[in-house]
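Each remark here refers to the structure printed beneath this line.
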Amino acid sequence: MQNIKAVIKREKELPTKVLQFGEGNFLRAFVDWQIQQMNNQGLFNGGVKVIQPIEHGMVDRLEAQDNLYTVLLEGLLAGEKIQSAEVITAINGTVNPYADFAAYLDLAQDDNIAFIFSNTTEAGIQFDPTDQLMTSTPNTYPGKLTALLYERFKLQKAGFDIIPCELINHNGDQLKDCVLKYADLWALGTAFKQWVNTENRFYSTLVDRIVPGYPKERAAELCEQFGYQDDLIVKAEPFLIFVIEGDASLAERLPLKAAGINVVITDDMQPYRERKVRLLNGPHSTMAPIARLAGLETVGQVMADPDFSQFINDEMYTEIMPVIDLPHQELADYAEGIKERFANPYVKHELASIALNSISKFKARLLPSLQQNIEQQHQVPVRMALALAALLVIYGDYPDIAIEPNDTPETIAFFKTIQQQPDYIEKALAAEGLWGMDLTQLPGLEATVKADITQILNQQTRQLVRAINKGETL
């Protein structure tokens with residue numbers, strides 16, 4: 001079977017208007033898909049240059065397919081069954097800054113580039129004081145971005161609309177703060193910092209689309225249907241919402257809404273973020289470690305399992321919704337919609353994929369609700385506590401646990417330094433560098449986690465879930 005690039009021909013080469021840090025499934029099924037929709041309608045007419053954000057990435061796989069790939073949408077949308085496949089032609093090239101840092105910096109010369117998108121996971125927007133400028137490729141995404149902005153500044157060119165998609169609160173503000181820290185670290189001058197502040201716009205965002213990624217079980221069948229070989233198919237649900245905190249003028253420069261896309265541009269995205277991060281991402285981060293320890297592999301299996309589906313439903317209604325300051329019925333309607341999306345029979349969303357960088361995800365998605373339950377409800381939220389216990393088992397050194405954590409090198413290294421110590425659990429919970437606080441100071445949490453870990457190591461994970469469902473303890 002011929003490669004996709006031999007079958008699909010671009011109608012025309014589009015000028016690069018977007019730089020995108022990240023080449024993973026989510027951005028390709030979310031941002032690039034949206035840009036494709038604008039291009040299809042003649043509203044944007046711009047291409048995307050993809051920047052590989054880490055040293056060992058996959059831009060070479062994109063290049064092998066002439067940066068073409070298929071987005072497969074399957075699921076229910078407003079009660080209607082959706083099944084569609086579309087070849088995305090929006091990406092017009094890639095750059096690997098680790099292989100050619102000069103080529104990366106040369107992107108600053110292109111006057112057509114107006115937008116920068118990114119998704120480098122929750123762990124990606126960080127400041128690293130050991131990052132160097134010019135002597136080597138900066139390690140962090142904000143470091144790379146600062147280097148590019150400095151080149152743009154030296155050329156006296158216009159700044160960018162910078163739209164991060166990492167799932168952390170105030171992601172635009174945090175990214176800008178990192179850039180300004182690098183400006184100080186590298187002594188780039190007050191004029192550059194002023195240019196960053198006045199000529200660039202950093203937007204905070206909320207992104208929502210479930211993207212299971214490459215459908216490996218059906219890939220051969222799908223390629224037969226498509227009539228070409230595509231090793232980078234991305235499967236996603238039809239539902240999408242993109243909330244951007246900014247002024248209305250962005251809608252003119254980036255006409256997503258005009259293309260019929262569910263985008264919200266608002267001066268306050270916090271209600272949208274709180275609802276989504278806690279009620280969709282929170283249960284995801286709960287089920288991933290617990291259900292994997294019980295032998296389940298996908299979100300769909302969780303929702304089809306009577307024990308685990310009740311567990312997730314009860315977490316939503318008894319541990320998450322009571323500490324969100326929004327009307328109960330609005331939250332209930334949203335929760336029921338999420339459960340329908342979780343149970344989407346067309347989507348095989350791997351729990352292993354959700355588990356990437358689980359520590360930072362727990363901090364962002366579950367810890368605020370956990371802390372509020374203890375401080376406001378005066379009780380330990382037992383489902384979230386079990387998720388935390390399951391994480392510490394997976395990240396610990398337990399011979400009978402076959403699941404390997406997939407996290408940042410720094411996080412993995414930290415756990416390796418403590419995992420064989422007799423007070424491993426206390427040290428892990430007390431690590432403010434992981435959680436932003438000392439979790440041993442939350443009343444009752446440490447004792448609950450320790451008891452859960454004992455039961456998990458006795459291979460009682462499902463029995464724990466059942467006991468919690470019944471309001472009992474093992």
Side-chain angles (χ1 to χ4, degrees), residues 76 122 167-170 206-210 237 239 241 243 264 266 268-291 299-300 302-344 349 351 354 358 361-391 435 437 439 442-445 448-449 452 464-472:
L76 297 175
E122 284 91 330
L167 195 61
I168 57 176
N169 202 10
H170 304 295
L206 174 71
V207 298
D208 190 357
R209 168 174 263 181
I210 295 174
E237 64 170 343
F239 177 87
I241 185 171
V243 183
V264 176
T266 176
D268 182 11
M269 57 163 278
Q270 289 306 306
Y272 297 94
R273 182 189 185 277
E274 179 131 324
R275 185 182 68 175
K276 187 262 180 177
V277 171
R278 296 205 188 193
L279 272 173
L280 188 150
N281 300 110
H284 263 169
S285 289
T286 293
M287 69 175 72
I290 303 171
V299 175
V302 169
M303 300 310 291
D305 186 299
D307 295 330
F308 280 88
S309 61
Q310 180 186 338
F311 187 88
I312 293 302
N313 177 82
D314 292 350
E315 180 187 47
M316 287 178 163
Y317 277 87
T318 67
E319 296 184 359
I320 298 176
M321 287 165 52
V323 294
I324 301 178
D325 189 19
L326 287 171
H328 174 81
Q329 191 57 52
E330 176 184 332
L331 293 173
D333 291 344
Y334 186 70
E336 292 305 310
I338 287 172
K339 285 158 55 181
E340 182 180 62
R341 292 167 65 191
F342 282 173
N344 183 351
H349 198 176
L351 297 174
I354 295 170
S358 286
K361 285 178 178 176
F362 187 97
K363 176 184 175 182
R365 301 172 175 190
L366 286 170
L367 185 54
S369 296
L370 184 150
Q371 184 177 2
Q372 284 179 289
N373 269 270
I374 293 174
E375 294 178 350
Q376 299 175 14
Q377 310 294 319
H378 306 294
Q379 59 185 7
V380 174
V382 291
R383 297 160 190 85
M384 296 179 193
L386 180 56
L388 180 56
L391 277 185
W435 319 109
M437 63 183 301
L439 299 186
L442 293 177
L445 180 62
T448 303
V449 168
D452 287 345
L464 262 173
V465 168
R466 287 175 176 166
I468 289 171
N469 288 344
K470 297 176 181 178
E472 301 171 352

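Count residues from 1 along the sequence. Being a predicted model, the structure only gives us computed values, none of them experimental.
Between the side chain of Glu315 and the main chain of Arg383, no donor-acceptor pair closer than 3.5 Å is present. For the pair Lys276 (side chain) and Asn281 (backbone), a donor-acceptor distance under 3.5 Å is absent. Remark: the backbone N or O of Ser309 is not paired with any side-chain donor or acceptor of Asn313 at under 3.5 angstrom. Panel note: side chain Arg209, backbone Phe239; a donor-acceptor pair is recorded below 3.5 Å.
A donor and an acceptor atom, one from each side chain of Asn169 and Gln270, are located under 3.5 Å apart.
Note on residues 362-386: pairs passing ring pair (Phe, Tyr, Trp, His ring centres under 6.0 Å), not counting sequence neighbours, are Phe362-Trp435.
Between His349 and Phe342, the gap from one ring centroid to the other reaches at least 6.0 Å.
Closest heavy-atom contact between Arg365 and Val277: CA-CG1, 3.9 Å. Ser369 approaches Met384 most closely through the heavy-atom pair CB-CE, 3.4 Å. For Val380 against Leu445, the heavy-atom pair with the smallest separation is CG2-N, 3.8 Å. Of all heavy-atom pairs spanning Leu370 and Ala385, the tightest one is CD1-N, 4.4 Å. The two residues Leu331 and Met321 come nearest to each other via the heavy atoms CD1-O, 3.8 Å.
Heavy-atom neighbours of Tyr272 OH from other residues, nucleotides or ligands within 6.0 Å: at or below the threshold of 12. In this structure, Asp268 places its CG atom where more than 12 heavy-atom neighbours from other residues, nucleotides or ligands lie under 6.0 Å away.
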Output, in order, the C-alpha distance, side-chain angles, deciding distance and verdict of side-chain contact (heavy atoms from CB on, under 4.5 Å) for Lys361 and Leu366. CA-CA 8 Å; Lys361 285 178 178 176; Leu366 286 170; over 6 Å; no

Could you go step by step and tell me if Gln329 and Asp333 meet the side-chain hydrogen bond (donor to acceptor under 3.5 Å, both in side chains) rule? CA-CA 6 Å; Gln329 191 57 52; Asp333 291 344; 2.8 Å; yes

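Atoms CD and CG, on Glu274 and Leu279 in that order, are 9.5 Å from each other to the nearest 0.5 Å. Residue Ile324 holds its CD1 atom at 5.5 Å from CZ of Arg278, rounded to the nearest 0.5 Å. If you take CG on Asp307 and CD1 on Ile290, they are separated by 12.5 Å, rounding to the nearest 0.5 Å. The OG1 atom of Thr286 lies 8.0 Å from the CD atom of Glu319; values are rounded to the nearest 0.5 Å. The line from CD1 of Ile241 to CG of Asp208 is 7.0 Å long, rounded to the nearest 0.5 Å.
Using a cut-off of 4.0 Å between Lys/Arg side-chain N and Asp/Glu carboxylate O, Glu237 and Arg341 are scored as salt-bridged. Between Arg466 and Glu472 there is no salt bridge, since no side-chain nitrogen of the basic residue lies less than 4.0 Å from a carboxylate oxygen of the acidic one.
For the pair Leu439/Leu388, a side-chain contact is recorded, criterion being any heavy-atom separation below 4.5 Å from C-beta on. Residues Ile320 and Pro381 have side chains not in contact (no heavy-atom distance under 4.5 Å, counting atoms from C-beta outward). The shortest side-chain heavy-atom distance between Leu442 and Gln371 falls under the 4.5 Å cut-off. Side-chain atoms of Leu367 and Met437, non-hydrogen and from C-beta on, do get closer than 4.5 Å to each other. Annotation: side chain of Gln379 is not in contact with side chain of Ile374 (no heavy-atom distance under 4.5 Å). Residues Val243 and Val207 form no side-chain contact, since every pair of their non-hydrogen atoms from C-beta on lies 4.5 Å or further apart. At a threshold of 4.5 Å between non-hydrogen side-chain atoms, the residues Val449 and Asp452 do not count as touching.
For the side-chain contact (heavy atoms from CB on, under 4.5 Å) with Phe311, the qualifying choice from Val382, Leu386, Val302 is Leu386, the only one to do so.
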